[in-house]
Amino acid sequence: MNAGSLFADLILPLPLAGLFTYSIPWELQSKVAIGKRVVVSFGGKKIYSGIVKNIHNNPPEDYEVKDIIACLDETPIINHLQFSFWDWISDYYQSNLGDVYKAAIPAGLKLESQTKISYREDFTAEARLSKTEELIITVLKSSKDVNIQTLTQASGLKNVLPQIKKLLEKGAIEVEERILSSYKEKQIKYVRLHQSIKEDEIGEKLNSLNRAKKQQEILFSFLNLSKIGIAEVPEKVTATELLLNSDSTSSILKALVDKQILEIYFESTDRLDFSDAEINPLKELNQHQAQAIKEIREGFESKNTSLLHGVTSSGKTEIYIHLIKEQIDQGKQVLYLLPEIALTTQIITRLKHVFGNKVGVYHSKFNDAERVEVYNNIQQNNPDKSYQVILGVRSSIFLPFSNLGLIIIDEEHENTYKQFDPAPRYHARDAALFLAHLHKAKTLLGTATPAIETYANCKQGKYALVELMHRYQDIKMPEILLADLKEAKRKKRMKSIFTPELYEEINTALEKKEQVILFQNRRGYAPYLECKSCGWVPHCENCSVSLTYHQYNNQLTCHYCGHSTQPPQSCMQCESTNMVDKGFGTEKIEDELRIFFPQARIARMDLDTTRSKTAYEKLIYKFENHELDILVGTQMVSKGLDFDHVSLVGILNADSMLNFPDFRAHERSYQLMAQVSGRAGRKNKQGKVIIQTHEPKHPIIQSVIQNDYVGMYQTQMSEREEFIYPPFYRLINITLKHKNNGLLTQAANMLAQSLRKTFGIRVFGPQAPVINRIQNYYIVNILLKIEKKSSPAKAKWILNREANNLKAIERFKMVMVQFDVDPM
DNA sequence: AGCACGCCGACT
DNA sequence: GTCGGCGTGCTC
């Protein structure tokens, strides 16, 4: 290292462009290094942990540098591959490095200070304090560890900051910035014999407890559990298992501790389970799977990416497992991406059977401490303890891999891989392809219904294509039948929301003790309420959407901002009390089912019923164990779950998906219907699918019936080409937001005009989206379609220039402009 | 994102 | 006159 002043450029966890330079004080020069976290103060008083991106000796000229306060890490927590990856994400998706940092690192590793306020005992008032000041003092005197938020709450004041400032000047209070490390190692409470007791004294001690039966029992259990005197090395006994085993309480245990017979000690532990799962050999592949794996390997010889296009239930997971095994044997890491947590449950069990504790899981329902532990585990890259396979969702692409050999992206077509809010708006599938490139690893995409873009890449020879068209154990593809809603309604044969066809089939299935899955792409009870006299519909007061009626809590809820209100007793416009619900969601289906099939055991699976960590697993478990007859759900039921006893799948309304105003609506409908149909079918019997629709002749529905992916692909491709959409063109969506709609329109028109100078007819809009106001901000979109072969970097450069020009105009300064590259 | 500063209307 | 609203600008 050079003599003289050293400076470090930091990434701070803030939505700000650029890096921030700090000086490295002499005593930290040996510790601070690229990839480590350092503590700095930023702005007035706030303290953050930044990541050192680079170190240099060019003193900044335009401002005064601050010192780095401390260095947090012994070894870097970000490796050079991650830095390259972050740079790529930031550049490609046009987001700040700070935003990438925020998305990439678990919160427990991002320290942020909190202001602690306390009353000064030695304070004597020179002048009278105002009422609000007195109020604050009272709150401070009555509690300790007060921060701004708790003070605001306790005092009921809107803005406490000016008051704090005044009290600070008067010397009545003091404030302190304290950094909170949210992550703590988990401590486990163990029990052992008190140090003073020798093994041969135990019998004596037991006798001494003759008059304290409960205590004696605990000691007995302890001796049993610890195997003292029997085993060479006694077993560790946790307090929890001891109490459970002896059926007693902690107060009885405490009595023994007080008598100095037992003692309590703590050991920190990983929250993660390293217990040895039973390791089973690989299952042998059937001939179709074996052929597929052979083709995948051949594909990888010449290409870095392969698509495994395998019909539902074709046994793709088993193929993945074989490929993972090969990588682990070579000492490489594997990342196995899934679109959502929901799917991990079934697959984690299968992976653990083969790879035991080499498998790690990472998803958003983990608490923060668990996420920190997974992160650290991979970062340490310890051959005995570190995970070799990570099963994770979107955000696991940011884990500190050092040696990836293979990335598997299961259900590759799923749009949950695209992050929308907050920035960075990355697509995990596309980002993973770059990640693989950085690691010189291979990528395997797997799905029964490839994204049009992905299939097009195969057809162009960029990816290898492997087809697996046989279902596992030769289960037949389900028989798909249509039920014409129009006709049933005209003939008045509908039973509520069920066509006679669907109704009959549900009945038959129930009689045969078979299971049914019903799918509706809409949660809640009814999409909206409507006044029968005047047509008034309740809307969200912050957003421009109608409110969805939820019956379970009798609330009208906005699915955009979460705002909830009581449904109005009468129409707010004409005061009629004749409010009716329109359309139907999963909740209403569940209700109707209970009326028509009172004997059936019914459950609903959607966002509302699976909020807790285990709710989803419990539902799946119940359904698998045949404790349920009918499962009603949203897209959740379409995703990769394999059940053995489902003979019937019903799609209640195919039209709502097909008519969605988006260029991907048809592709998406095909994928949903094909995926949910795939849930039907069992070992010895062909499954049945009933699609209720007003348009039985719709080409997408016809493709679903004929299981004709390629036909659907070709139609879509010609439409995409004609209407200039991906994969022929690259999309960038520009969103402008402002509270004043008029100003917003002016700004958007101006930006669109200036973009047209360069991009001409490739600029579409500005157009207000269907929902043109969210949380009091009006929204407009401008869509840019760029030719695939032109340089995206140059387009983005021009885009930024024009956006900056717009912001340079005084009255448009406050207009928010954000980009979404490859929007979904 | 926070947070400070400064300007303005509307209350004791 | 002060309190609290919000628009604006800055942070190495």
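Throughout, a chain's letter reflects where its sequence line sits, starting with A, and its residues are numbered from 1.
Comparing B:dG2, C:dG9, C:dC12 by their closest approach to the side chain of A:Glu810 singles out C:dG9. Counting only heavy atoms from C-beta on, A:Tyr22 has its side chain closest to C:dC12 among C:dT8, B:dA1, C:dC12. Closest contact between the side chain of A:Pro15 and the listed nucleotides C:dC12, B:dA1, C:dG9 involves B:dA1. If you check C:dT8, C:dC12, B:dG2 against the side chain of A:Lys46, the one that comes closest is B:dG2. The nucleotide whose nearest atom lies closest to any side-chain atom of A:Met814 is, among C:dC12, B:dG2, C:dT8, C:dT8. For A:Leu14, the side-chain atoms get nearest to B:dA1 when compared with the rest of B:dA1, C:dC12, C:dG9.
A:Asn740 has its CG atom 11 Å from the P atom of C:dG7, to the nearest Å. C:dC12 atom C1' lies 13 Å from atom CG of A:Asn54, rounded to whole Å. For A:His738 and C:dC6, the NE2 to C1' distance is 12 Å, given to the nearest whole Å. Rounded to whole angstrom, the span from the NZ atom of A:Lys813 across to the P atom of C:dG7 amounts to 14 Å. When the P atom of C:dC10 is taken as reference, atom CZ of A:Phe42 falls 13 Å away, rounded to whole Å. Put simply, NZ on A:Lys110 is 15 Å from P on B:dA1, counting in whole angstrom units. When the C1' atom of C:dT8 is taken as reference, atom NZ of A:Lys807 falls 12 Å away, rounded to whole Å. Atoms CD1 (A:Ile68) and P (C:dC12) sit 13 Å apart, rounded to a whole Å.
A donor-acceptor pair shorter than 3.5 Å can be found between the side chains of A:Asp822 and A:Tyr92. Under 3.5 Å, the side chains of A:Ser402 and A:Asn79 contain no donor-acceptor pair of N or O atoms.
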request  = Decide yes or no on salt bridge (Lys or Arg N to Asp or Glu O under 4.0 Å) for A:Asp87 and A:Lys53, but give the supporting numbers first.
outcome  = CA-CA 11 Å; A:Asp87 283 337; A:Lys53 180 128 195 287; 3.3 Å; yes
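Comment: A:Glu74 engages A:Lys31 in a salt bridge, judged by a side-chain N to carboxylate O separation of less than 4.0 angstrom. Ion pair A:Asp73/A:Arg37 flagged as a salt bridge, since at least one NZ, NE, NH1 or NH2 atom sits closer than 4.0 Å to an Asp/Glu carboxylate oxygen. Salt-bridge annotation for A:Arg425 and A:Asp820: absent, with no side-chain N of the basic residue lying under 4.0 Å from a carboxylate O of the acidic one.
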Mind listing the N/O atom pairs, protein and nucleotides 1-3 of chain C, below 3.5 Å?
{"residue": "C:dC3", "atom": "OP2", "partner": "A:Lys166", "partner atom": "NZ", "Å": "2.8"}

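Checked by atom type and distance alone, the side chain of A:Arg730 never pairs as donor or acceptor with a backbone atom of A:Pro792 at under 3.5 Å.
Contact annotation for A:Leu16: base contact, defined as any heavy-atom pair under 4.0 Å involving a base atom. Counting any heavy atom pair closer than 4.0 Å across all strands shown, A:Tyr63 reaches a base atom.
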